Protein chains: 2
Amino acid sequence: MSAQTRTEGTDRRRELLSIAAELFADKGFKNTTVRDIADAAGILSGSLYHHFDSKESMVDEILSSFQAELFAAYDEVLRSDDDARTKIERAVRLSFEAIDRRRHEVAIFQNEADFLGQQERFAYLAERNAESRAVWITLLDDGVRSGALRADLDIELTYRFIRDTVWVAVRWYRPGGKLSHTAVADQYLTILLDGIAHA
Amino acid sequence: MSAQTRTEGTDRRRELLSIAAELFADKGFKNTTVRDIADAAGILSGSLYHHFDSKESMVDEILSSFQAELFAAYDEVLRSDDDARTKIERAVRLSFEAIDRRRHEVAIFQNEADFLGQQERFAYLAERNAESRAVWITLLDDGVRSGALRADLDIELTYRFIRDTVWVAVRWYRPGGKLSHTAVADQYLTILLDGIAHA
DNA sequence: GTCTATAACGCGATAGAC
DNA sequence: GTCTATCGCGTTATAGAC
């Protein structure tokens, strides 16, 4: 019975975090009140503090667990023995998959990371950012060296282009809509790799 | 003297709006207090209300004047008799020029339009958005019809790709940095038109 | 685990003196 | 055009009953 209680407590926690994540993503962190979260959960604001220290610790838990998951996926691509172009394709697809499956978390990270990152508590956001940049620069360098990518690319600018392009899609992509995340990834990779001009 | 007073009043207004715009862009509208703005201007918060009705009317004035300027530029491109590809290139360059010259305004629009647009007062933001989409869809349709662009493009998705790609650069572009806005536009157009893959 | 009640504080905005 | 002083409200968070 104590095991069940522990499990239900964890489930409730996750449920509350999921509700909070949706609100943070839609209205912004600062713009979402603890009363908003409590209302959406069908409880009163004071009751939230039985589960969490503060509103800040809620967004902290949301972001850090998402980041851990995302970077495990990056690591798997990096460690694989695919060729350079395939790795790039996989890394792009991985992003759209994250947008599909964790869109609230992606949106919160996109919208709030810069501001939250100024606080010491959220310093890991900037660290993960640097880590992600390192992954992409490696992939792009390998791509140019192997001849898969054009030699005249500005690698830093190309990295920013890809990073911005894939993640900003979280603003309009909706799971269950007309386009699957794999279809969007296909189109984006086509444009990214071969351009929109007539060959 | 009354003319000079009027002019100075206008200048002071513009100066205060410029200070507010920087703060809104950096910290977000909701996250910026009237005391922040007053502090940065070297006055007390109450004094701001001699110039403006409310914090909301400040961001309103910032966004509406920027939008008017931007869409005048779009109109000029549309009305020109350049060919389809040139018009697309000009529209892209125009965006990077706006990021260079009005980055705070662009950032505020990117970050806050969705949220502010829900209020009736800011309904024009959604209207301008629809207008901008119409411009781009026209340009892309013309591009495909004239053979300048690939025929297999998903026009709607391509529009979103371009829109997101050009505007999101406001997150990292800094005027006076290593890259001029024209150099960034050159690189982005190269990738957009011809892709990153080795030909 | 949730509710009642409230403390402590920061916020946008106002009124009137200078 | 700015300052002093303050109001009224919404917000995060706490303490203790149930």
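Side chains included, hydrogens not; waters and symmetry mates left out as well; all remaining heavy atoms used. Chain A is the first sequence line, chain B the second, and so forth, proteins listed ahead of strands; every chain is numbered from 1. What you are looking at is a predicted structure, and each value in this text was computed from that prediction instead of being measured.
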Quiz item: Quick one: B:Asp11 CG to D:dG1 P, roughly how many Å, whole number?
Solution: 11 Å
Quiz prompt | Rounded distance (Å) that lies between atom P of D:dT6 and atom CG of B:Leu44 | solution = 15 Å
Sequence neighbours left out, cut at 3.5 Å: what donor-acceptor pairs do the side chains of residues 109-117 of chain B make with other protein atoms?
from, atom 1, to, atom 2, distance (Å)
B:Gln110, OE1, A:Arg171, NH1, 3.3
B:Asn111, ND2, B:Ala107, O, 3.1
B:Glu112, OE2, B:Phe29, N, 2.9

Exercise. Using whole Å, report how far CG of A:Asn31 lies from P of D:dT11.
Key: 9 Å
Exercise. Ignoring hydrogens and angles, state whether a donor on the side chain of A:Asp83 or A:Thr86 is under 3.5 Å from an acceptor on the partner side chain.
Key: yes
Exercise. Take the angle between the ring planes of A:Tyr188 and A:Trp172 and call it parallel below 30°, perpendicular above 60°, tilted in between.
Key: tilted
Quiz item: What is the distance from CD of A:Glu56 to P of D:dA13, rounded to the nearest Å?
Solution: 8 Å
Practice problem: Scan A:Val166, A:Val184, A:Val77, A:Asp186 and name whichever one has a side chain to side chain contact (heavy atoms under 4.5 Å, CB included) with A:Arg93. | Solution: A:Asp186
Practice problem: Mind calculating the distance between CG (B:Leu23) and P (C:dG12) to the nearest angstrom? | Solution: 12 Å
Practice problem: Using whole Å, report how far CD1 of B:Ile37 lies from P of C:dG12. | Solution: 8 Å
Quiz item: In whole angstroms, how far is the C1' atom of C:dA13 from the CG atom of B:Leu48?
Solution: 11 Å
Exercise. Report the residue from A:Ile108, A:Thr32, A:Asp39, A:Thr33 that forms a side chain to side chain contact (heavy atoms under 4.5 Å, CB included) with A:Leu23.
Key: A:Thr32
Quiz prompt | N/O (side chain, A:His50) to phosphate O (OP1/OP2, C:dT2) under 4.0 Å | solution = no
Quiz item: Do B:Arg103's NZ or CZ and the ring of B:Tyr173 fall within the cation-pi criteria of under 6.0 Å and 45°?
Solution: no
Exercise. Quick one: label B:Ile43 by what it contacts on the DNA or RNA (base, sugar-phosphate, nothing), any heavy atom closer than 4.0 Å.
Key: sugar-phosphate
Quiz item: Are the charged groups of A:Asp142 and A:Lys87 less than 4.0 angstrom apart, N to O?
Solution: no
Close N or O pairs between protein and nucleotides 7-11 of chain C (under 3.5 Å):
none

Quiz item: Quick one: A:Asp60 CG to D:dT12 C1', roughly how many Å, whole number?
Solution: 17 Å
What does the list of N/O pairs under 3.5 Å between the protein and nucleotides 14-18 of chain C look like, with a distance for each?
none

Quiz item: Once you round to the nearest 0.5 Å, how far does CG of B:Leu140 lie from CG of B:Asp154?
Solution: 10.5 Å
Exercise. Could you tell me how the ring of B:Phe71 sits relative to the ring of B:Tyr74: parallel (under 30°), tilted (30 to 60°) or perpendicular (over 60°)?
Key: perpendicular
